[in-house]
Amino acid sequence: MYRPRIIAVVLVDGTHAVKTVRFKRRIDLGDPVNTVSLFNAFRVDELVLLDIDATKSRRTIAFSLLADIASEAKMPFSVGGGIRTLEDIREVLSLGAEKVVLSTVAAQRPEFVREAAARFGSSSIIVCMDVKRSFFGSVGVWLASERRQLRRSPLEFARLMEEMGAGELIVQSVDNDGMMTGYDQPLLSEVSATLNIPVIALGGAGRLEHCLDVYAATHVSALASGSLFVFQNSERGVLINYPSREQLRRFVNVRAF
Amino acid sequence: MRRVTIIDYGHGNANSIKLALASLGVTSTYSRQIADIDSADFLILPGVGHHGAAMRSLRESELQSALTRAARERKIPTLGICLGMQMMTESSEEGGLPGLGWVPAATERIKPANRKVFKVPHVGWNVIRKDPSSTLLEGIDTESEPFYFCHSFAIQAAAGAGSTSLFRYDRDYVAVFERENIMGVQFHPEKSQEPGARLLANFLRLSR
């Protein structure tokens, strides 16, 4: 690969773009369409749009908002949030998204991932796996919408998703979410070394060096972040930003392997 | 006036293509009506999805004969994008159904020797080694301006007279083939920023 993708993640709570900290505290970023428009200007590699309230509110991401974003987005983008049926996926893809992100449904019914991949092709299906460390330090797959941990370990769940036909896996650290102190490198290292599908790192990036470090030391295929591209620093002053072409060139030929 | 028809067979991301063309000032029709295929000056076969499922849909929609008539008899410029390109080949390992067979080539699963380093699907921005005789890539410095790829299946070689440009992902695969009026691109020009827009503009400059 020429260089890894650097992906901007935009969270939406139905109508507003937001950013979270550890899946709890929310900071309002305003109009999501405007956020996307700004990312266009920065020539973002790829965008992931997640409606974090969709499952809880028993809906998918609002299609009217999605249509507006699709009209705006010049970059490849993926959409997630409350997607539960093949019809949901068909609708989202037909509006212009390249891929869908499945989270809750993949954990509740892994077979659905197989059905979706068979109908739409693996390369259209991304699964997002949220990982949380317990008080005692053990790592588990976190199902946010049901506020519970799955029985399968992250590695077992990741392998299962690959077996079901998921095209890519986002490995998101709940603990590092919004903290801007770095990714969960051990977790990313283990999962990306095991899987044959691309792994997208998410959760914790606060500086471009965090992305470079994880890319150089693991087998991840892409580095994603919400905070890094929507805040100017750890004070969390809102400023949409993205690495320049020179900065992106730092990712070329970085790996020893 | 150029009539551009994007084929609706239920498996494309036509909206993105429509918008990309609109940015170039070109209005296109996304349609499954035979009349829109028969009257088109340019045809685009989009593709996001599963080859077997898509070929089945194409057959069931009765568009296949109108499509073949336009591309093979009227010989209007026809562009296949990603899965659309793969459907133009003779066969695909994804689903096992025959393709349209317009180009002597086969679509196969990407099977890298080193699966840890080369993940599948091939997703992301990659560079192309441009064939100097390519019309679609004219004016694009493909070595420094990558295109966006997102696929698990690819074409290793395409026979027949015409231009072929390759990309490398562990091994070489076809990025672009041009066989008279029939063209295919493995990447998504509609999502590949300036090089993509340039390619679509080059396509629209072609005449019968």
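Because the structure is predicted, anything quoted here is derived from the model rather than measured. Chain naming here is simple, since letters A, B, ... match the order of the sequence lines and numbering starts at 1 in each.
Residue B/Glu178 holds its CD atom at 4.5 Å from OG1 of B/Thr135, rounded to the nearest 0.5 Å. Of the inter-residue distances, the one linking B/Tyr173 atom OH with B/Asn126 atom CG reads 11.5 Å to the nearest 0.5 angstrom. Separation of atoms CG (A/Leu223) and OH (A/Tyr215) is listed at 8.5 Å; rounding is to 0.5 Å.
Of all heavy-atom pairs spanning A/Ala17 and A/Val10, the tightest one is CB-CG1, 4.2 Å.
For a residue to count as touching a neighbouring chain, one of its non-hydrogen atoms must lie under 4.5 Å from one of that chain's; by this rule B/Ser144 touches chain A with the backbone only. A/Ala73 touches chain B through its backbone: at least one of N, CA, C or O sits under 4.5 Å from a heavy atom, while the side chain does not. Using a 4.5 Å cut-off between heavy atoms, A/Leu195 contacts chain B through its backbone alone, with no side-chain atom that close. Looking at A/Ala67, there are no atoms closer than 4.5 Å to chain B (heavy atoms on both sides), in backbone or side chain. Heavy-atom distances place both the backbone and the side chain of A/Arg43 under 4.5 Å from chain B. Contact annotation for A/Val44: only backbone heavy atoms (N, CA, C, O) come within less than 4.5 Å of a heavy atom of chain B. Of the atoms belonging to A/Arg245, it is side-chain heavy atoms, and not backbone ones, that fall under 4.5 Å from chain B. When heavy atoms are compared at a cutoff of 4.5 Å, A/Arg119 approaches chain B by way of both its backbone and its side chain.
Between A/Glu246 and A/Arg249 there is a salt bridge, since a side-chain N of the basic residue sits under 4.0 Å from a carboxylate O of the acidic one. Salt bridge present: A/Glu209 and A/Arg250 bring a charged side-chain N and a carboxylate O closer than 4.0 Å. A salt bridge is absent between A/Glu168 and B/Lys119; no separation between the charged side-chain nitrogens and carboxylate oxygens falls under 4.0 Å.
Residue with the most contacts toward chain B among A/Pro198, A/Ser124, A/Ser221, A/Gly96: A/Pro198 (heavy-atom pairs, distance under 4.5 Å). In terms of heavy-atom pairs under 4.5 Å with chain A, the best-connected choice from B/Lys191, B/Gln193, B/His50 is B/Lys191. Among A/Glu98, A/Lys99, A/Glu46, the residue with the largest count of heavy-atom pairs under 4.5 Å with chain B is A/Glu98. When each of B/Gly49, B/Gly10, B/Ser16, B/Ala20 is scored by its heavy-atom pairs under 4.5 Å with chain A, the top score falls to B/Gly49.
The aromatic ring centres of B/Tyr148 and B/Phe187 sit 6.0 Å or more apart.
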